[in-house]
Amino acid sequence: MSANRYNPAEIEPKWQQIWEEERLYQSSVNPEQPKWYALTMLPYPSGDLHTGHWYAYTPSDAAARFRRMNGYNVFFPIGFDAFGLPAENAAIKHGAHPARWTFANIERMRGQLRRMGAMWAWEQEAVSCDPEYYKWSQWFFRKFYDAGLAYREYAPVDFCPTCNTTLAREQVWGDDRHCERCGTPVIKKDLEQWKFRITRYADELLDGLAQIEWPERVKTMQTHWIGRSAGAEVLFRTESGDVLEIFTTRPDTLWGATFMVVAPEHPLVASITSAAQQAAVAAYQEQAARMDEIQRGAADKEKSGVFTGGYAINPVNGERIPIWIADYVMMGYGTGAIMAVPAHDARDFAFASRYGLEIRRVITGPDGARGPLEAAYDAKEEGELIQSGPFDGTPVRGAVERVIEWLEANELGRGAVNYRLRDWLISRQRMWGAPIPILYCPSCGVLPVPYAELPVLLPDDAEFKPTGESPLRSHASFRNATCPECGGPAERETDTMDTFMCSSWYQYAYLSPYWKRGEPLRAEDHPWDTAAGAYWLPVDQYTGGIEHATMHLLYTRFFTKALRDLGVVDFDEPMLRLFNQGMILGPDGEKMSKSRGNVINPDDVVGRYGADTVRGYLMFIGPWDQGGPWDPQAIEGVHRFLQRVWTVVVEDPQLRQPQLDAAHRPDPAQERALERKLHQTILKVTDDLQHFRFNTAIAALMELNNALYKVRESAVANSTAWNQTLRNLLLMMAPIFPHIADELWHRQGNTSSVHLQRWPDGDPDKAREEQITVVVQIGGKVRDKLQVAPGTAAAELERAALLLPNVDKYLNGRSPQKVIVVPDKLVNLLL
RNA sequence: GCCGACGUGGCGGAAUUGGCAGACGCGAUAGACUUAGGAUCUAUUACCGCUAGGUGUGGAGGUUCGAGUCCUCUCGUCGGCACCA
């Protein structure tokens, strides 16, 4: 009897095994077939799969399966982003090598991932901490180095005191500038660090957004992050004759500059400062430097600054204006110096108000106002320039461009563009990452490790101590090397690469994992199988969380553009389409966390309901990009649905008694109704799945099954429509509920997998209703309804409406002044 | 402070171009079947009202024959940026 009950614990492992044995999901290059590279952000092997993984992966699997049934050759790989700090922390705690911890976790997670029943191409799995993987990460570094895209710089950098490493700017989050990983506020340090010249691609990273189908949210975040602003660089001079260059987006307000502000760290401060102001300036500089360590940019803090005692000459009008230092001017942006135009800049206005500096209006108000200002007026559209020498009377709209031309003609400045984006800092003072392949030779200087000597391997005997320092620094045989130039002793770089480096190219690694395994590398190698790349690349559909908007998703775009310029790829963007799923929350609507005690363990729920139910429930909660709370009761609904599908199929009257009494002929109208419902469902589900609307697709499947359920005891169950509906229901369930679909598919007598079938075609003619309801309103209120054939003419609808008894009652002898008829929708009679 | 998204039953959420608000599911209520039911099946379930009917998509206005959907203002929640000149 048990064989006839829905028992996911029995059928799910069975089908997973069959699929794997039959290599059902391994796809290979086939030029005859359109390809679809479906990619989902790879997991970090933290040790346990959580509900968030299920929420990210099972819908993306359903989407990939749907594509496959629609005739695409789908490549859907998986791997592990396996470098990172937790492994190192575990090593310190337990004394085991990070590799052991990592590979044990990977092994465990492979099993958990398999239980999802996803169509991953496991044979092409890639693990980023495998030397055969990171040798290519190092090869890319070397390529970037040779191309001038990787460089070393001594500069102030963000440092996380908990992770004991520097971070890229993208990895510092929030108003308290905390570490993206551990939440600790970062501090500033001056250090020698390796960076990638992502800023070289700033404009292209902006422009490229136009050619990819990514969520606007992500595009906006990247646009803001890159922060392109156009303006001018203008050459001021100090009284002592030094050039003091400023950047401004409003060169049209140059005549309104009443003072200048330079960053406290500006190199000219010392020479500008007068003897009398020296003490005050030094004190302010010291205070600013200290603030840096704590929090310089506390947003609503009142502006402060100190007069240097020095003056500059405004090149456009020869005026002598005071130079101040203030911490609201940053050394890291523009030139670290600004002209202050308090009349037309809110920050300068606040500063000038506090210190009693002149506020000179140089743009009239929209109404022509020329009087004193109560607040900064920064409009660019209305008004004209005043007190601006040759530009008096110039409309402010377009004035920026005209002033730039004038500055260039007079050699006082030039048009310039600044970006908020900074170069990508990739050095990490941690052991568990890909070593940066660089050597330092006392006589030959900084040298890249020769290609043939890659990879620079991580030692397997490193000592892990809770000192906070990378074990590579104290590992003599790692650190001591031979100079490839002079053969003398050299020292190895002990910093490793940011793990975002490894994940910037993993979509390529999957094509031919561990390419050229064991072979020495050469500069002219290609880092993956070019035949596979030519067919599969770029990625057609990428899915993952939005938290990577300005990290991974920016880095991988940069990486691809850099590879294109190196001749490695021939396209501009790595991922053509992106979808960001939302976040699954605990039953209390809060983020799942151990401390809150609201964690749902996927292993438990899979054990109770099976993977298909969990998959379906996660997709049923709501729109995938919205996320939402896990409701431990609502999952029952999806489970019941599967039970009912099971019952309909397994207890199919035709399976029990194929020849029903000839007297029990199905009612043709009922049969047509079922067929209609089927085609409506196919059209709906097809459209929904194309757009990741799993929740409404499942609702439609439930409706279809309810329709079947309602007539299963009737003679309709002995009709072609019934058979067709049952068959197509299973086909449509296959992407979301892969196990039960295949099981029932076989129980229906089919021999090849449901996952090898073509997606059904919905027929709009068969889906069309025979009768539709047209609402009859009087004065906008629904008073009656008409049942008519679709497409009934407006005149006919109006005539029929006027004959309705309710209409007669409400009109009460009056005749409508106006009649609005929308065919197939409504008749509105206005009095 | 700036930018963006979102506010719909007790709950998660549905609603082409403006055209029957509340699909589907959870929960709830009643009944059936049962030794039992936290299984299953059937019915009901936005709110007020005995009915007729009225009221309802965060709030206030507006456009329209007609607004969850469009416009203006406003409140709330979430996310991004944070003196970027």
Side-chain angles (χ1 to χ4, degrees), chain A residues 173-177 215-218 220-225 227-229 231 246-250 253 261 263 296-303 326-330 332-341 345-348 350-351 378 418-422 546-547 549-550 582-583 587 589 616-617 620-623 625-641 643-644 647 684 687 693 695-703 705-706 709-710 773-782 784-785 816-831:
Chain A
W173 283 15
D175 44 3
D176 60 345
R177 295 183 51 73
E216 283 307 316
R217 229 174 0 154
V218 176
T220 306
M221 282 169 74
Q222 292 205 349
T223 303
H224 289 337
W225 191 258
R228 182 183 201 272
S229 56
I246 60 110
F247 172 75
T248 178
T249 55
R250 296 300 303 274
T253 62
V261 184
R296 176 146 142 189
D300 41 350
K301 169 189 105 182
E302 206 183 345
K303 300 217 176 341
D327 63 8
Y328 82 92
V329 172
M330 311 288 142
Y333 184 79
T335 60
I338 63 161
M339 64 163 183
V341 184
D345 180 283
R347 296 154 300 184
D348 299 343
F351 193 81
D378 62 0
N418 258 288
Y419 302 90
R420 239 178 56 100
L421 182 71
R422 304 300 160 81
I546 189 137
E547 65 274 15
T550 55
M583 198 194 296
Y617 172 61
F620 188 61
I621 288 176
D625 55 352
Q626 262 173 46
W630 175 283
D631 182 341
Q633 283 184 319
I635 190 173
E636 297 275 358
V638 176
H639 195 59
R640 269 174 223 156
F641 163 64
Q643 302 263 28
R644 282 159 65 92
T647 305
K684 166 90 178 136
D687 187 50
R693 291 190 297 251
N695 57 330
T696 47
I698 292 170
L701 293 173
M702 286 173 166
E703 281 190 60
N705 188 54
N706 289 346
Y709 216 83
K710 211 164 272 174
T773 304
V774 169
V775 173
V776 179
Q777 300 179 329
I778 293 171
K781 292 201 183 296
V782 179
D784 213 330
K785 288 166 187 182
Q817 298 301 299
K818 194 177 171 190
V819 180
I820 288 160
V821 182
V822 182
D824 295 354
K825 293 288 183 189
L826 59 74
V827 177
N828 194 0
L829 305 167
L830 302 174
L831 288 173

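Here is how names work: the chains are called A, B, and so on, in the same order as the sequence lines, proteins then strands, and each is numbered from 1.
Comparing B/G4 with B/G53, their C1' atoms are spaced 44 Å from each other, to the whole Å. Taking atom P on both nucleotides, B/G25 is separated from B/A46 by 15 Å, rounded to a whole Å. The gap from the C1' atom of B/G76 to that of B/A21 amounts to 23 Å, rounded to the nearest Å. Across B/G22 and B/U44, the matching C1' atoms stand 16 Å from one another, rounded to whole Å. Taking atom C1' on both B/C6 and B/U57, the two are 14 Å apart, rounded to the nearest angstrom. Nucleotides B/A32 and B/G37, compared at atom P, are 12 Å apart to the nearest Å. When the C1' atom is used for both B/A82 and B/G62, the distance is 36 Å, rounded to whole Å. Comparing the P positions of B/G19 and B/C70 gives an interatomic distance of 11 Å, to the nearest angstrom.
Here B/A39 presents its C1' atom at 19 Å from CZ of A/F641, a figure rounded to the nearest Å. The distance between atom CE of A/M330 and atom P of B/A85, rounded to the nearest whole Å, is 12 Å. When rounded to the nearest whole Å, the span between NZ of A/K710 and P of B/C41 equals 13 Å. A/R228 has its CZ atom 12 Å from the P atom of B/A85, to the nearest Å. Atoms NZ (A/K303) and C1' (B/C83) sit 5 Å apart, rounded to a whole Å. Atom CZ of A/R177 and atom C1' of B/C81 are 12 Å apart (whole Å). In this entry the distance linking CD of A/Q633 with C1' of B/G10 reads 12 Å, nearest Å. Rounded to an integer number of Å, the gap from A/D345 CG to B/A85 C1' is 6 Å.
Within 4.0 Å (heavy atoms only), A/R420 reaches at least one base atom of the nucleic acid. Residue contacts for A/K781: at a heavy-atom cut-off of 4.0 Å it reaches the sugar-phosphate backbone alone, with no base atom in range. At the heavy-atom level, A/T220 lies nowhere under 4.0 Å from the strands shown. Across all strands, A/Y617 comes closer than 4.0 Å to no nucleic acid atom at all (heavy-atom distances). Heavy atoms of A/A634 sit under 4.0 angstrom from primed sugar atoms or phosphate atoms, though from no base atom. Within 4.0 Å of A/N418, counting heavy atoms only, lies no atom of the nucleic acid at all.
Syn is the glycosidic conformation of B/G9, whose angle stays within 90° of 0.
Helical stems of RNA chain B (runs of at least 3 Watson-Crick or G-U pairs, donor-acceptor distances under 3.5 Å) are listed by first residue: B:1-7 with B:75-81, B:10-12 with B:24-26, B:27-32 with B:40-45, B:46-48 with B:53-55, B:58-62 with B:70-74.
Contact check, A/R644 against B/C41: a side-chain N or O comes under 4.0 Å of OP1 or OP2. Proximity of A/Y709 to the phosphate of B/C41: a side-chain N or O atom is located under 4.0 Å from OP1 or OP2. OP1 or OP2 of B/G27 lies within a sub-4.0 Å distance of a side-chain N or O belonging to A/R640. In this structure, A/N695 reaches the B/A14 phosphate: one of its side-chain N or O atoms is under 4.0 Å from OP1 or OP2. The side chain of A/S229 contributes an N or O atom lying less than 4.0 Å from OP1 or OP2 of B/A85.
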Listed pairs, N/O of protein and of nucleotides 16-20 of chain B, under 3.5 Å:
{"residue": "B/C20", "atom": "O2", "partner": "A/K785", "partner atom": "NZ", "Å": "2.8"}

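Which of B/G12, B/A23, B/A85 sits closest to the side chain of A/F620 comes down to B/G12.
Between A/H224 and A/T696, the residue anchored nearer the 5' end of RNA chain B, judged by the nucleotide with its closest heavy atom, is A/H224. Mapping A/G332 and A/K818 onto RNA chain B by nearest heavy atom places A/K818 closer to the 5' end of the strand.
Under the 3.5 Å distance criterion, the side-chain polar atoms of A/Y617 are matched with a main-chain donor or acceptor of A/D631.
More than 12 heavy-atom neighbours from other residues, nucleotides or ligands sit within 6.0 angstrom of CZ on A/R422.
Ring geometry for A/F247 against A/Y333 counts as perpendicular: the plane angle is over 60°, on a 0 to 90° scale with 30° as the lower cut.
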